[in-house]
> 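Take this structure, written in structure tokens, and hold onto it; I'll ask about it next.
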Protein chains: 2
Amino acid sequence: MKILIADDHALFRQGLLYTLQSLGDDVEVMEASNAKEVLDYVEQYTDLDLVLMDLDMPGIDGYSGLLKLRESHPELPVAIVTASEYEADMLRIIDSGASGYIPKSLTSSEMLDALKQILDGEIFVPDLSATSGTFQIRQITGSGPLLASLDKSEAAAEIKSRLTPRQLDVLKLMCEGMSNKVIAHSLGMAEGTVKIHVTAILKELNATNRTQAVIMAKEIGFISA
Amino acid sequence: MKILIADDHALFRQGLLYTLQSLGDDVEVMEASNAKEVLDYVEQYTDLDLVLMDLDMPGIDGYSGLLKLRESHPELPVAIVTASEYEADMLRIIDSGASGYIPKSLTSSEMLDALKQILDGEIFVPDLSATSGTFQIRQITGSGPLLASLDKSEAAAEIKSRLTPRQLDVLKLMCEGMSNKVIAHSLGMAEGTVKIHVTAILKELNATNRTQAVIMAKEIGFISA
DNA sequence: CATCCGCTATCAATATTTTCATTGGTGTAT
DNA sequence: ATACACCAATGAAAATATTGATAGCGGATG
């Protein structure tokens, strides 16, 4: 198992290196301190299993590096490691074909879980939400009277019972602000299938567009889980 | 010798921890993941020899933490560790009484040299001119990193100040799940005008679609008013 | 037991609407 | 002068609706 880590901060590389050892004895870690080195490496070593690249590096930045890698080596998993935790960044990066968006604020064990997930072929995205701040049952134009007349937990149970498991998966990602394309990529299904689920969700929730559906889901509070 | 390191990135702490061991056997390292923990630590442990504090942390940022430490414990050496390499930052920080300005891009050995220098009572500043290759004027895209470092109410004020009154009107209705057409009708303007406002809002909030913008606005909590 | 039926999940493909980006122009305050 | 609000209009992308087809899975029926 060969993993290439790219970060301009030597000490962070060192911490990551140390953590990566826990993945197993057959893990070989290589280091790069900028994106250009990464591009050179992937030419030279064709047996890489994963590239972990910092977003913020001198010279070619990680995002440009990601785009170039996706173009030249589409099958090589590339995960972006970053100090930023903007959902917008995350979406942009996942949308560009990265296998994961890994905040530097993760603990070692969280980082390991994320990496295992990525090495399993899944896409890792952190749970940036967890805010759960503002609730109020508000009348949504066109929303049925059902939701307004139930309290939160009842409504949440109502919804969960009416939506299929797969629909719940999709709704959860909708609540992260993801586009159909990103959701499809994230859940490993075709974009068309996502659309079918979205349509079904809108119908069940009696919403006329995705934003309304997300608002309802968030206000009811069943997405925070 | 007791050293407290404060950084919200666990892996960086780990790398730094490892490096600090090389300073000698009698080095005891403590960790904090935010500035508040630092302030608590220094109250509890009065025999600290050095604090290494990241500039960019959630909650109280490193600079504020530095100022507070200089006030409460003027004799305790505090060095700032940072991902940024701006001369302006450096001057501000050294001027505020820090014992050093340590770029995260330093190698382990450079870091050790810097720390030794600081422990000797000197003030460490990097040679920024040497790393001129690294010198990129980072463009802050529109919104910038501001929101991450502010708490909700501050962020709400931030947003409100950056959006025009009419944009706020539109955003409010977006948060109700209305389509552009309905918003236009509702505010008595053309649909095209709504689109322009929406585009401007997305840009300001650094969002890639309307659902994201609504999520952000709701999470920050400024729409409830 | 086999078959039929209903539910779910998947993909493909089409058509329409909505959303988003951009450019250019007008008026209006400060 | 500069920022704001507004409109028109274009093009591209995303979202929504719909139809058709395949496949697995569980229950019901014969």
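Only this structure's heavy atoms are used, side chains among them; waters, hydrogens and symmetry mates stay out. Note that this is a predicted model, so its numbers are computed, not measured. Each chain gets a letter, A, B and so on, in the order its sequence line appears, and its residues count up from 1.
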> Salt bridge (charged side-chain N to carboxylate O under 4.0 Å, His left out): which pairs involve residues 37-49 of chain A, sequence neighbours left out?
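Every salt bridge (charged side-chain N to carboxylate O under 4.0 Å, His left out) pair that includes a residue of residues 37-49 of chain A, provided the two are not neighbours, is Lys2(A)-Asp47(A), Lys36(A)-Asp40(A).
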> What residues, two or more places apart in sequence or in another chain, satisfy side chain to side chain contact (heavy atoms under 4.5 Å, CB included) together with Leu112(A)?
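Leu112(A) satisfies side chain to side chain contact (heavy atoms under 4.5 Å, CB included) with Thr19(A), Ser22(A), Leu23(A) only.
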> The criterion is side chain to side chain donor-acceptor pair (under 3.5 Å); which residues satisfy it with Ser99(A), sequence neighbours excluded?
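Scan of Ser99(A) (side chain to side chain donor-acceptor pair (under 3.5 Å), adjacent residues dropped) gives none.
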> Using the C1' atoms of the five pairs at each end, what is the angle between the end axes of the helix from dC1(C)-dG30(D) to dT30(C)-dA1(D), to 10°?
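The angle separating the two end axes equals 30°.
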> What pairs meet the side-chain hydrogen bond (donor to acceptor under 3.5 Å, both in side chains) rule with one or both residues in residues 177-190 of chain B, with sequence neighbours excluded?
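Matches after skipping sequence neighbours: Asn180(B)-Arg210(B).
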> Got a sec, which residues hit salt bridge (charged side-chain N to carboxylate O under 4.0 Å, His left out) with Asp169(B), two or more places apart in sequence or on another chain?
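Scan of Asp169(B) (salt bridge (charged side-chain N to carboxylate O under 4.0 Å, His left out), adjacent residues dropped) gives Arg166(B).
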> What integer distance in Å separates Asn180(B):CG from dT19(C):P?
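Going from Asn180(B) (CG) to dT19(C) (P), I get 4 Å.
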> When you compare the side chain of Leu52(A) with that of Ile102(A), does any pair of heavy atoms fall below 4.5 Å?
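Heavy-atom side-chain distance check passes, below 4.5 Å.
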> Tabulate protein N/O versus nucleotide N/O from nucleotides 7-11 of chain C, keeping only pairs under 3.5 Å, one per line.
residue: dA9(C); atom: OP1; partner: Thr164(A); partner atom: OG1; Å: 3.2
residue: dA9(C); atom: OP1; partner: Arg166(A); partner atom: N; Å: 3.1
residue: dA9(C); atom: OP2; partner: Thr164(A); partner atom: OG1; Å: 2.7
residue: dT10(C); atom: OP1; partner: Arg166(A); partner atom: NE; Å: 3.0
residue: dT10(C); atom: OP1; partner: Arg166(A); partner atom: NH2; Å: 3.4
residue: dT10(C); atom: OP2; partner: Arg166(A); partner atom: NE; Å: 3.4
residue: dT10(C); atom: OP2; partner: His197(A); partner atom: NE2; Å: 3.0
residue: dC11(C); atom: OP2; partner: Ala190(A); partner atom: N; Å: 2.6
residue: dC11(C); atom: OP2; partner: Thr193(A); partner atom: OG1; Å: 2.7

> Taking only residues two or more places apart in sequence or in another chain, which ones pass salt bridge (charged side-chain N to carboxylate O under 4.0 Å, His left out) with Glu31(A)?
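Testing Glu31(A) for salt bridge (charged side-chain N to carboxylate O under 4.0 Å, His left out), a comparison that skips the adjacent residues, returns Arg13(A).
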> Please report, rounded to the nearest Å, how far the P atom of dA21(C) is from the CD1 atom of Ile201(B).
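Between P of dA21(C) and CD1 of Ile201(B): 12 Å.
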> Residues two or more places apart in sequence or in another chain: which of them pass side chain to side chain donor-acceptor pair (under 3.5 Å) with Ser108(A)?
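Partners of Ser108(A) by the side chain to side chain donor-acceptor pair (under 3.5 Å) criterion, ordered by chain and then number, come out as Gln14(B).
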> For Lys181(A) and Lys195(B), take the nucleotide of DNA chain D holding the closest heavy atom to each; which residue's nucleotide lies nearer the 5' end?
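In this pair, the answer is Lys195(B).
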> Identify the 5'-most and 3'-most nucleotides of DNA chain D with at least one atom closer than 4.0 Å to a non-hydrogen atom of chain A.
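The protein-touched segment is dA14(D) to dA17(D).
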> Apply ring-ring contact (aromatic ring centres under 6.0 Å, His included) to Tyr45(A) and list each qualifying residue two or more places apart in sequence or on a separate chain.
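Residues passing ring-ring contact (aromatic ring centres under 6.0 Å, His included) with Tyr45(A): Tyr41(A).
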> Scan residues 104-119 of chain A for pairs that pass salt bridge (charged side-chain N to carboxylate O under 4.0 Å, His left out), counting only residues two or more places apart or in two chains.
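Sorted result for residues 104-119 of chain A: Asp7(A)-Lys104(A), Asp54(A)-Lys104(A).
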